[in-house]
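Structure record follows, encoded as structure tokens.
Below, each value reflects all heavy atoms present in this structure, side chains not excepted, and no hydrogens, waters or symmetry copies. Sequential numbering from 1 along the given sequence is applied to the chain's residues.
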Amino acid sequence: MLADHVSAAARKDLRHSVSRSYAALDLGTNNCRLLIAEPAAVGFRVVDAFSRIVRLGEGLGRGNQLSEDAIERTLEALRVCRDKMMAKGVARARLVATEACRLAENGPSFIERVRADLDMELEVVDRQTEAYLAVTGCASLADPRARSVIVFDIGGGSTEVAWLDGLAPHAMADPCKRIRAWDSLPVGVVTLAERHGGVHVTPESFEDMVEEVSERLVDFAAMAAGAEEGSNFHLLGTSGTVTTVGGIHLGLPRYDRRRVDGMWMRSDDISAVIRQLLRCNFDQRAANPCVGKDRADLVLAGCAILEAIRRAFPSDRLRIADRGLREGILMNMMREDSVWQEGHR
């Protein structure tokens, strides 16, 4: 079974092998994403990847059931992931499911169906685990001079936020040890768009979305009060929303991860992109190569979540990460296996 269950003896043997592949799968409310990688001298080298919009949580905002159509789309995507892991000879994998499976009444039966049909063991992680994995995956992009960083991950069904306090001791240090406060907001691009409408978005309905998220941020904002006072404070965002905003700002003819991952954006430039999207109708958003028809009804909901975070924690700098939970899973598994210890590089 493709699961994170490898004996201590097997792990020791594998650490001494010439090459070892790890796999991380993130099944969210909107996307199914897979990353397969091998350890490198610092970090890891990606050998294969897969991403597909499955909208597993479609309709969850109106009920508590995963629909049969959504389940079938997701099983098809998971089958592709399984075949890729088998083809690459993955030795260790962790396959996580998040908000949609946490909320749905038929989530457990879906997990069992995945096990029975595909021989894949999905792990439904709690919100704290999801937040910590997202931080682990993207914290390497934080300004090393920054003593305070607000990290956020805008998902399909939830949004994770965390306050990193203090300087990182070294590049490979566990960033979760710097988390002073965290929260998981039960709102994401899919659920927010379903409640407020994502096809026809007016400035008024956009502001309604911002206000809803702002209300949900109140508790975290209180816990992280004073975060902006840390030297070189900035925001660090990981999600399809922030990468889309980055791609639109660059005017890319098609999305290019190499140009977006790690880029910095100024506050005025972010506001300009959001205004640009608000002026577009659905078809115009769908025609933008960094948005596409599959996300045209979700992008402004994501921008509303981003705007609420920017209002709670004003900063002129946002760093954009096209990395997150999957990378966090990989980093943790490799740390556990001590692949970066002297003699195992």
Side-chain angles (χ1 to χ4, degrees), residues 2-6 8 10-28 31-52 80-96 98 120-121 123 125 129-142 144 151 153 160 164 168-178 236-240 243 256-263 319-345:
L2 287 167
D4 185 24
H5 299 293
V6 180
R11 290 184 186 182
K12 183 176 180 181
D13 291 340
L14 287 164
R15 282 202 296 271
H16 289 281
S17 64
V18 175
S19 175
R20 183 185 181 195
S21 294
Y22 291 75
L25 185 142
D26 171 16
L27 177 59
N31 290 279
C32 177
R33 298 186 178 99
L34 171 73
L35 206 58
I36 302 175
E38 295 176 349
V42 177
F44 52 80
R45 179 180 68 89
V46 174
V47 297
D48 202 357
F50 173 79
S51 180
R52 180 179 294 177
V80 175
C81 295
R82 180 199 61 186
D83 293 346
K84 283 181 173 290
M85 287 188 281
M86 294 177 66
K88 294 297 182 183
V90 168
R92 188 177 179 202
R94 188 178 183 188
L95 322 175
V96 307
T98 56
M120 297 172 73
E121 187 78 31
E123 171 192 358
V125 295
T129 300
E130 183 177 0
Y132 275 51
L133 287 173
V135 167
T136 302
C138 69
S140 61
L141 289 178
V151 183
D153 181 2
E160 282 61 51
L164 299 189
H170 56 82
M172 299 303 293
D174 183 356
C176 293
K177 294 180 179 179
R178 298 163 57 203
L236 172 57
T238 170
S239 70
T243 56
D256 185 347
R257 181 187 186 275
R258 294 169 298 178
R259 294 190 61 185
V260 174
D261 183 49
M263 71 176 284
R319 195 160 205 194
I320 295 175
D322 191 340
R323 60 182 78 180
L325 194 144
R326 293 175 302 167
E327 288 81 1
I329 293 171
L330 291 172
M331 293 291 287
N332 280 349
M333 287 193 294
M334 292 179 190
R335 280 199 190 98
E336 290 166 4
D337 289 353
S338 304
V339 300
W340 296 300
Q341 287 185 1
E342 199 65 38
H344 297 310
R345 294 183 177 181

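- Atom CG of Leu133 is separated from atom CG of Leu330 by 10.5 Å, given to the nearest 0.5 angstrom.
- Counting only distance, with no hydrogens or angles, the side chain of Arg319 and the backbone of Leu141 share a donor-acceptor pair below 3.5 Å.
- Scanning all heavy atoms of the two residues, the minimum distance from Cys138 to Ala321 falls at CB-CB, 3.8 Å.
- The CZ atom of Arg257 sits 5.0 Å away from atom CG of Asp322, with the distance rounded to the nearest 0.5 Å.
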| request: Check step by step if side chain to side chain contact (heavy atoms under 4.5 Å, CB included) holds for Leu27 and Leu95. | output: CA-CA 8 Å; Leu27 177 59; Leu95 322 175; over 6 Å; no
I'd like to know whether Leu25 forms a side chain to side chain contact (heavy atoms under 4.5 Å, CB included) with Met120, so could you lay out the CA-CA distance, the side-chain angles of the two residues, the decisive distance to 0.1 Å, and finally the verdict. CA-CA 11 Å; Leu25 185 142; Met120 297 172 73; 4.2 Å; yes
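- Looking at heavy atoms from C-beta onward, Thr129 lies out of side-chain contact with Glu123 at the 4.5 angstrom threshold.
- Asp337 places no side-chain N or O within 3.5 Å of a backbone atom of Val339 that could act as its donor or acceptor partner.
- The minimum heavy-atom distance between Leu34 and Ala23, with the atom names listed, is CD1-CB, 4.2 Å.
- Other residues, nucleotides and ligands place no more than 12 heavy atoms under 6.0 Å from the CZ atom of Arg259.
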Original post:
For Thr98 and Asp26, what are the C-alpha separation, side-chain angles and deciding distance, and is it a side chain to side chain contact (heavy atoms under 4.5 Å, CB included)?
Top reply: CA-CA 8 Å; Thr98 56; Asp26 171 16; 4.1 Å; yes
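- Taking every heavy atom of both residues into account, Met333 and Ala93 meet most closely at SD-C, 4.0 Å.
- Shortest non-hydrogen contact noted between Leu236 and Ala142 is CD2-N, 4.0 Å.
- Asp48 meets the salt bridge (Lys or Arg N to Asp or Glu O under 4.0 Å) test with Lys84; sequence neighbours excluded.
- The main-chain N or O of Arg33 is never found under 3.5 Å from a side-chain atom of Arg326 such that the two would form a donor-acceptor pair.
- Minimum interatomic distance between Ala139 and Leu164 (heavy atoms only, all atoms of both residues): CB-CD1, 4.2 Å.
- Residue Ser21 comes nearest to Lys88 through the heavy atom pair OG-O, 3.7 Å, listed as atom of the first residue, atom of the second, then distance.
- Put simply, the side chain of Phe44 reaches to within 4.5 Å of the side chain of Met331, judged on heavy atoms.
- Classification of Glu336 and Arg92 as a salt-bridged pair holds, one side-chain N sitting under 4.0 Å from a carboxylate O.
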Open item on the list: Would Tyr132 and Asn332 count as a side chain to side chain donor-acceptor pair (under 3.5 Å) here? Give the steps.
Closed with: CA-CA 11 Å; Tyr132 275 51; Asn332 280 349; over 6 Å; no
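- Not counting sequence neighbours, the partners of Arg323 by the salt bridge (Lys or Arg N to Asp or Glu O under 4.0 Å) test are Asp261.
- With a 4.5 Å cut-off on side-chain heavy atoms, Val151 and Arg178 do not count as touching.
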